[in-house]
2 protein chains.
Amino acid sequence: MKARVAQQAEQSTSKRRAALTRESILEAALRVCAPEGGGQLTFSRLGKELGADPTAVYRHFRDKDELVLALTELTVAEGVELARATLPDGPSGDWRGWLTVTAESIRASYLARPVVAVLAAARTTASPAETSSFEQLISVLHRAGLPVLEAAECCRQLVDLTLALTQYSAAFSALDPATQAKDEAAWAVKYAMLPESEYPLLHESTPRLTELFRDDTEVFRMILATFLDGVALRIERTRQG
Amino acid sequence: MKARVAQQAEQSTSKRRAALTRESILEAALRVCAPEGGGQLTFSRLGKELGADPTAVYRHFRDKDELVLALTELTVAEGVELARATLPDGPSGDWRGWLTVTAESIRASYLARPVVAVLAAARTTASPAETSSFEQLISVLHRAGLPVLEAAECCRQLVDLTLALTQYSAAFSALDPATQAKDEAAWAVKYAMLPESEYPLLHESTPRLTELFRDDTEVFRMILATFLDGVALRIERTRQG
DNA sequence: CGTCATTGTCAACGGCATTGACAGACCCAT
DNA sequence: ATGGGTCTGTCAATGCCGTTGACAATGACG
């Protein structure tokens with residue numbers, strides 16, 4: 001009864017009354033979620049961006065959760081696409097490069113919309129784009145010498161590591177600038193006042209640590225590198241016996 | 001109906017009539033944030049737990065942010081304390097055990113109050129408890145053979161890794177059970193329906209991956225192990241050259 | 001004893017997601 | 001064309017949330 005003309009009739013000529021579509025709403029939402037779009041994703045902001053009543057969105061998404069899920073799916077898909085564009089088509093022996101590119105692509109997509117990353121929290125999307133990317137990751141590690149199951153475990157680790165660290169960074173950059181500045185200042189002051197006698201090592205490292213405070217991306221790269229060193233070790237062990 | 005806690009009338013200096021104290025509020029908040037305390041930390045819930053008007057809390061904390069910050073500081077301190085209780089007093093050559101215990105202690109403290117973990121997001125606390133723990137971590141890695149700066153970098157990596165993954169887990173367990181179940185079901189269905197011809201490796205790994213879906217803690221342990229393998233490699237390299 | 005700061009209560013405000021009633025526009029079969 | 005049925009946008013209202021300002025009760029102190 002419901003769900004009449006599923007989706008075929010209206011896209012050819014004039015949209016009957018479709019000022020808003022799922023796509024146009026998602027686009028507007030992505031605009032709102034951009035780092036320069038201002039802190040929050042809210043129905044009223046979305047309505048303003050669309051030039052429509054905020055509640056009109058409910059005609060296309062059951063609730064905010066559904067909207068957020070669609071946004072994360074879009075974001076992941078974009079990340080996967082970005083990775084695909086960077087990576088070679090055929091198989092590659094460079095497993096390390098492959099994993100690195102994939103992780104950093106997904107991270108980049110999320111960081112382009114910190115708000116989405118924050119709202120996505122730990123929701124699992126299981127989008128189709130993700131699937132084939134995952135299969136390829138396993139394949140690359142398997143070719144590198146890992147048994148299938150172990151390769152799959154490593155991939156799961158990589159994905160969790162990437163998503164968790166990315167959302168961690170996103171949460172910070174989604175904070176309002178005042179709070180960000182306050183936190184950073186508090187941190188700097190505290191480290192500057194550390195008594196050298198009591199914390200000699202920390203005192204010596206302060207400049208480097210302060211440098212890293214600002215640079216989430218650098219920290220992510222370092223963690224990823226260390227993690228991949230661990231994977232390399234596992235591969236080597238497997239090969240030897 | 002005023003459930004008064006009869007524990008005042010102490011303290012040497014001026015103490016008017018403190019039915020509520022910073023400490024009693026924090027305790028109540030921790031109770032609310034416990035996994036079985038029900039989903040959210042809210043002023044009205046807090047007020048109910050205290051048997052007082054919700055807005056009374058504002059007499060002791062400027063706003064919710066300050067309350068949350070205090071809670072995170074408490075949580076981190078508890079984690080550090082837990083680690084201290086487990087670890088030997090003196091120096092230890094077992095750097096790997098040291099790092100593992102520290103990371104898992106902090107994780108355990110946060111997971112005992114998922115709500116705090118979620119609200120803390122990426123706020124930096126720079127509490128005193130944290131500081132000495134950090135100094136010790138650097139010391140342990142330095143003794144293991146790493147230059148001071150490199151040891152400090154590794155510690156920073158470890159902390160970020162731990163906090164990010166913990167908040168990632170906490171975010172999921174802070175979701176209402178219905179959503180959790182729905183997400184898990186969606187994931188399971190999707191993986192069960194994967195065509196073997198297109199995704200042979202994924203298909204083969206499905207049982208293991210499904211097992212890991214539920215077991216955040218196991219995944220964390222694996223990631224930590226892989227990461228520490230990477231650190232071991234770095235230590236070895238330093239020693240040799 | 002009177003003054004004053006402290007602290008709990010209460011009512012109110014604005015922002016948020018969500019809902020239900022309504023109205024115009026479109027489609028199709030009559 | 002016409003009239004029901006259906007989409008889709010609008011509007012008003014609800015309930016929860018954090019936060020604020022006015023008020024009242026309490027104790028401390030000169």
Side-chain angles (χ1 to χ4, degrees), chain A residues 1-25 28-29 32-33 38-71 115 118-119 121 176 179, chain B residues 1-25 28-29 32-33 38-71 115 118-119 174-176 178-179:
Chain A
M1 296 300 186
K2 46 200 64 180
R4 50 188 283 97
V5 231
Q7 73 258 26
Q8 91 285 29
E10 53 236 275
Q11 58 200 101
S12 56
T13 58
S14 65
K15 39 229 177 120
R16 42 185 116 176
R17 187 70 285 206
L20 264 42
T21 65
R22 226 157 191 277
E23 291 73 34
S24 70
I25 292 175
V32 170
C33 288
Q40 299 225 65
L41 175 61
T42 193
F43 275 89
S44 65
R45 290 182 61 88
L46 192 47
K48 206 167 288 179
E49 182 73 28
L50 287 162
D53 189 279
T55 64
V57 176
Y58 282 92
R59 297 291 172 202
H60 303 267
F61 296 90
R62 189 150 32 80
D63 52 17
K64 194 176 180 179
D65 195 63
E66 193 183 311
L67 175 62
V68 167
L69 250 40
L71 286 172
V115 186
V118 172
L119 291 173
D176 64 314
T179 311
Chain B
M1 60 176 65
K2 306 198 271 185
R4 271 295 129 76
V5 194
Q7 76 202 43
Q8 90 295 20
E10 77 283 358
Q11 294 296 40
S12 52
T13 60
S14 64
K15 199 87 172 186
R16 319 261 162 165
R17 73 178 189 87
L20 264 42
T21 65
R22 229 159 187 278
E23 292 73 33
S24 70
I25 292 175
V32 170
C33 289
Q40 297 225 64
L41 175 62
T42 193
F43 276 90
S44 65
R45 291 181 63 88
L46 192 47
K48 206 166 288 178
E49 183 74 29
L50 287 162
D53 189 279
T55 64
V57 176
Y58 282 92
R59 297 292 172 202
H60 304 267
F61 296 90
R62 190 153 34 79
D63 52 16
K64 193 177 181 179
D65 196 62
E66 194 184 311
L67 175 62
V68 167
L69 249 41
L71 286 171
V115 187
V118 171
L119 291 174
L175 251 40
D176 66 313
T179 311

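Chain letters run A, B, ... following the sequence lines, proteins first, then strands; residues in each count from 1. Quick note: numbers below take in every heavy atom, side chains included, and nothing from hydrogens, waters or symmetry partners. Being a predicted model, the structure only gives us computed values, none of them experimental.
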Separation of [N] [atom2] from [X] [atom1] (nearest whole Å):
| X | N | atom1 | atom2 | value |
| --- | --- | --- | --- | --- |
| A/Leu46 | D/dG9 | CG | C1' | 14 Å |
| A/Asp53 | D/dA12 | CG | P | 10 Å |
| A/Phe61 | D/dG9 | CZ | P | 12 Å |
| A/Ile25 | D/dT8 | CD1 | P | 10 Å |

Can you tell me if A/Asp65 uses its side chain to pair, donor with acceptor, with the backbone of A/Val68 under 3.5 Å? no
Looking only at side-chain N and O atoms, does B/His60 come under 4.0 Å of OP1 or OP2 in C/dG8? yes
Applying a 4.0 Å non-hydrogen cut-off, can you work out what A/Ala52 is touching in the nucleic acid: base, sugar-phosphate, or nothing?
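The answer is sugar-phosphate, as A/Ala52 gets under 4.0 Å only of primed atoms, P, OP1 or OP2.
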Please find the pair of heavy atoms, one from [X] and one from [Y], that lie closest to each other, and give the distance.
| X | Y | result |
| --- | --- | --- |
| A/Ser24 | A/Leu50 | O-CD2, 3.8 Å |
| A/Ile25 | A/Phe61 | CG2-CE1, 3.7 Å |
| B/Val118 | B/Ala174 | CG2-CB, 4.0 Å |
| B/Cys33 | B/Val115 | O-CG2, 3.7 Å |

- Task: Decide yes or no for A/His60 and A/Leu20: does some side-chain heavy atom of the first lie under 4.5 Å from some side-chain heavy atom of the second?
- Result: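 Answer yes - side chains close enough.
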Nucleotide by nucleotide, nucleotides 13-23 of chain C touches protein heavy atoms under 4.0 Å in the pattern (B base, S sugar-phosphate only, - none) ---SSBB-B--
Axis-to-axis angle for the helix from C/dC1-D/dG30 to C/dT30-D/dA1, ends of five pairs each, to 10°, equals 20°
Using residues 38-46 of chain B as the side-chain source, report each donor-acceptor pair under 3.5 Å to any protein atom, sequence neighbours left out, with the distance given to one decimal.
{"unit_1": "B/Arg45", "atom_1": "NE", "unit_2": "B/Gln40", "atom_2": "O", "d": "3.1"}
{"unit_1": "B/Arg45", "atom_1": "NH2", "unit_2": "B/Gly37", "atom_2": "O", "d": "2.4"}

* Spacing of A/Leu69 atom CG and A/Lys64 atom NZ [to the nearest 0.5 Å] ->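 One gets 13.0 Å once the value is rounded to the nearest 0.5 Å.
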